[in-house]
Structure formats: C-alpha cells, structure tokens
Amino acid sequence: MRGESADVVGRRGGGGDPVTAGTGKSAEGRTGAGAPAGAPRFDVPEVDTFTRPYWDAAAEGRLLLRRCRAAGCGVAHHYPREFCPSCWSEDVVWEQATGRATLYTWSVVHRNDLPPFGDRVPYVAAVVELAEGPRMMTEIIDCPADALRIGMPLVVRFRQDGDGRQGGDGRQGGHGRQGGAGAGGAGYAVPVFAPA
C-alpha cells in the first residue's frame, strides 16, 4: 500500500508488534478526547516487565531497540524480542537508537472506529526504516500526505500520554518528558515520526 489512501475500520485483536500502541488492544477505563468516561481506549500501550525499559525510555524522549551480541551476528531488531530473530541467541540487549529513519511505506487512514482514533482522522499510518536497519510501524506527523515520499528522511518525536501532544526530538538527553511513571500510567509516550 505504498502511498495509498485507505479506509481502516478498527478490529479488536492486535498486530505482531507488542510495543506499538494502537494495535487494537484495549486498555479498559482509559479515555481519550471524544470518548465517554469508562470507554475502552485502543491507543494505550500494554506494558509488561520485558517492555518496561522501552516505554520508560520513550517517556524520556529516547527510542530503544534491541541488538544481538552473539559472535558473528550483531543484528538490531524491532519490535523488541527476548531473543535474536536472526540467530536465535538470547544474548540481546537494549540499545538507544539515533531516532533517524526513512519512510518505507504509508497509508492515509480516513476512517477508524476505535476510540480515540476517530478523533484523529485523517492520519498517516506508516512503516519506517530506522537508521540501524529494522523497520517499525508508526505514524507520520507534521507533514501533509501529498508531501510524503518513499525514502524521505524522518526523525522520531513522541506523542505524550496518547493525547496528541508532541514532545521529544529524538536526540540524546531525554527531551520531551512530561512527568509520570512511564507507560501504563501518566507520562507514557508513543514514538511517531516527522520530516527531518
């Protein structure tokens, strides 16, 4: 679907990326703009012990990925897994990404019935290729859809608290934190990308 528009109607049940919010997983009781109190919200990440470092770093304005340390491998990957998807080694560590990427593909979403996405349409769902090599599902912000081009340089930003506020510029040093205890509570952040 490179550069095509699409009507996307939300479905319950998620994609394969456990650290990408908005995969159709519900976090009961969290509401967004336009959603009634107590309504399920589908843009809230599900945090567990393994993914907590990822979400804590994102709340500080840093993007993490995983890198294999096995001899002869060294492959970086995303979404984070507890083993290397290339060589199956369990000698894998968290690593801070540069926050630079290029646009691999995108689709303009004109319809999404899951709260709070309906309030955000149209938006650009995308796959970007990180400078370190892995590809990641995300959203493109601050760029009109007709200006998007395959291969265009991008930089990470962070949507704070899932409510559309942006912060963080992808540089070292934790720009963009807005309080809180990381994902699962106040202060979680979701990586999105903007033109560099």
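Numbering of residues begins at 1 and proceeds along the displayed sequence. Hydrogens, waters and symmetry mates play no part in the numbers below; they use all other heavy atoms, side chains included.
No more than 12 heavy-atom neighbours from other residues, nucleotides or ligands sit within 6.0 angstrom of CD on Glu90.
Contact annotation: the side chain of Cys84 approaches that of Cys73 to within less than 4.5 Å [non-hydrogen atoms, C-beta and beyond]. Contact check for Thr51 versus Glu46: no side-chain heavy atoms found under the 4.5 Å cut-off. In this structure, the side chains of Leu148 and Val124 come closer than 4.5 Å at one or more pairs of heavy atoms. The side-chain heavy atoms of Phe117 and Arg120, taken from C-beta on, include a pair separated by under 4.5 Å. Taking 4.5 Å as the limit, some side-chain heavy atom of Trp55 sits within range of a side-chain heavy atom of Val190. For the pair Val128/Met137, no side-chain contact is recorded, criterion being any heavy-atom separation below 4.5 Å from C-beta on. Between Leu130 and Leu65, some side-chain heavy-atom pair lies under the 4.5 Å cut-off. Inter-residue side-chain proximity for Pro191 and Glu139 is flagged as unmet; no heavy-atom pair is nearer than 4.5 Å.
Atom CG in Asp142 sits 11.0 Å away from atom CG in Leu154 (nearest 0.5 Å). To the nearest 0.5 Å, the span separating OH on Tyr54 from CG on Asp48 amounts to 13.0 Å. Rounded to the nearest 0.5 angstrom, Arg81 CZ and Cys68 SG are separated by 11.5 Å. We find the CZ-NE2 distance between Arg135 and His78 to be 13.5 Å, quoted to the nearest 0.5 Å. For the atom pair OH (Tyr123) and NE2 (His110), the distance works out to 11.0 Å, reported to the nearest 0.5 Å. One distance of note links CG of Leu63 with CD of Gln96; it measures 8.0 Å at 0.5 Å rounding.
Side-chain heavy atoms closer than 4.5 Å link hydrophobic residues (I, L, V, M, F, W, Y) into clusters, and following such links, even through other members, never connects Trp94 to Val75. In terms of hydrophobic clustering, with Ile, Leu, Val, Met, Phe, Trp and Tyr side chains grouped at heavy-atom distances under 4.5 Å, Leu64 and Val92 are assigned to different clusters.
Checked by atom type and distance alone, the side chain of Arg67 pairs as donor or acceptor with a backbone atom of Gly74 at under 3.5 Å.
For the pair Glu132 and Arg100, the salt-bridge criterion is not met [side-chain N within less than 4.0 Å of a carboxylate O].
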side-chain contact (heavy atoms from CB on, under 4.5 Å) for Tyr79 and Met136? Distances and angles first, verdict last. CA-CA 7 Å; Tyr79 65 92; Met136 113 181 239; over 6 Å; no
Run Val192 and Ile140 through side-chain contact (heavy atoms from CB on, under 4.5 Å) and show every step you take. CA-CA 6 Å; Val192 294; Ile140 305 299; over 6 Å; no
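Ring centroid separation for the pair His77 and Phe83 does not come in under the 6.0 Å cut-off.
Between Arg52 and Val47, the shortest heavy-atom distance links the atoms NH2-CG1, 3.5 Å. Across every non-hydrogen atom of Phe193 and Ala101, the tightest pair is CE2-CB, 3.7 Å.
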